[in-house]
Amino acid sequence: MNATLDLLRTRRSVPPAQLSGPGPSPEELDLLLSAASRVPDHGKLAPWRFILIEGEGQARIGRVVAEAYRADHPEADDKRLALEAGRLGLAPLVIAVVSRAGPHVKIPDWEQVLSAGAASMTLIVAANALGFRTSWLTEWMAYDRRVLDALGLDPAERLAGFVHVGRAEQVPPDRPRPALAEIVTRY
Ligand SMILES: Cc1cc2nc3c(=O)[nH]c(=O)nc-3n(C[C@H](O)[C@H](O)[C@H](O)COP(=O)(O)O)c2cc1C
């Protein structure tokens with residue numbers, strides 16, 4: 001079968017805790033980001049951007065995440081705080097995909113948001129094509145203003161998600177997929 005179709009037909013998310021290093025090389029990273037930034041984009045607005053979170057950056061955002069969690073859950077014990085601090089530090093690389101959708105005279109916000117989704121998915125397909133495994137997650141941090149501020153999102157920007165990238169020998173067994181008969185109609 002064609003390799004692209006094979007990938008699309010079999011791709012599975014792998015939880016960040018199962019993603020190990022090494023992460024993408026600078027050349028591979030360039031490939032991923034170039035692929036992700038040539039998705040359909042009505043109006044050529046580039047309504048997305050990417051934040052690479054690696055190494056010390058993962059530790060730094062982890063401290064912000066844990067502090068935000070502690071402020072909201074004063075009862076949280078050290079184990080829980082360590083878990084929260086580590087969420088963005090499990091895979092060797094996390095790419096935050098930022099939607100920059102905003103008011104435009106012609107292009108609806110919705111279409112700009114969809115383009116950020118396409119960028120996220122293209123990043124995932126490209127990473128898997130290079131032999132990496134991925135997970136596209138938001139969790140509570142993606143909606144937390146303190147975390148978004150630390151990452152440098154302005155108030156008009158939204159996080160499409162964190163794409164965790166790494167290597168994994170094992171891929172989880174497949175999950176049930178929707179039957180085409182239930183989601184496809186003819187007009
Ligand atoms: C925008 C977006 C956010 C997501 N956030 C989460 C999340 O926070 N937690 C989670 O368990 N799955 C989340 N998912 C789902 C996973 O990415 C993944 O699709 C799911 O685990 C099923 O695995 P699969 O990709 O192999 O089908 C999200 C998906 C999307 C599109």
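None of the values given here were measured: they were computed from a predicted structure. Atoms within a ligand are numbered from 1 in the order they appear, just like the ligands themselves.
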Review point. Can a salt bridge be assigned to the pair R146 and D72 using a cut-off of 4.0 Å between side-chain N and carboxylate O?
Key: yes
Practice item. Mark the output for A160 as yes if a heavy-atom distance to ligand 1 is under 4.0 Å, and as no if none is. Key: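 For ligand 1, residue contact (heavy atoms, under 4.0 Å) with A160 is present.
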Which residue supplies the protein heavy atom nearest to [atom], what is that atom called, and how far is it?
atom: atom 8 (O) of ligand 1; value: E139 N, 2.9 Å
atom: atom 19 (O) of ligand 1; value: S13 OG, 4.0 Å
atom: atom 23 (O) of ligand 1; value: R12 NH2, 3.3 Å
atom: atom 27 (O) of ligand 1; value: R175 NE, 2.7 Å
atom: atom 9 (N) of ligand 1; value: L137 CD2, 3.6 Å
atom: atom 3 (C) of ligand 1; value: T138 OG1, 3.5 Å

Review point. How close do P92 and S20 get, heavy atom to heavy atom, and via which atoms?
Key: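 Result for this residue pair: CG-O, 3.5 Å.
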Point to revise | Spatial distance of atom CD1 (I61) from atom CD (E56) [nearest 0.5 Å] | key: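 I61 atom CD1 to E56 atom CD measures 11.5 Å (nearest 0.5 Å).
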Review point. Between atom NZ of K44 and atom CG of D41, what is the distance when rounded to the nearest 0.5 Å?
Key: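 So the NZ of K44 and the CG of D41 are separated by 8.5 Å.
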Practice item. Evaluate whether atom CZ of R70 has more than 12 neighbouring non-hydrogen atoms of other residues, nucleotides or ligands under 6.0 angstrom away. Key: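 Counting other residues, nucleotides and ligands, CZ of R70 stays at 12 neighbours or fewer.
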Review point. More than 12 heavy atoms of other residues, nucleotides or ligands under 6.0 Å from CZ of R80: is that the case?
Key: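 Correct, the count exceeds 12.
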Review point. Using the ring of each side chain (for Trp, its six-membered ring), is H73 parallel, tilted or perpendicular to Y69, with breaks at 30° and 60°?
Key: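 Rings of H73 and Y69: parallel, as their planes differ by under 30°.
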Check your understanding: What atoms in ligand 1 come closer than 4.0 Å to a heavy atom of R177?
Key ->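 By the 4.0 Å cutoff, the relevant atoms are 24 (P), 26 (O), 27 (O).
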Exercise for review: Pick whichever of W140, Y143, F162, W136 has a heavy atom sitting closest to atom 15 (C) of ligand 1.
Suggested key: W136
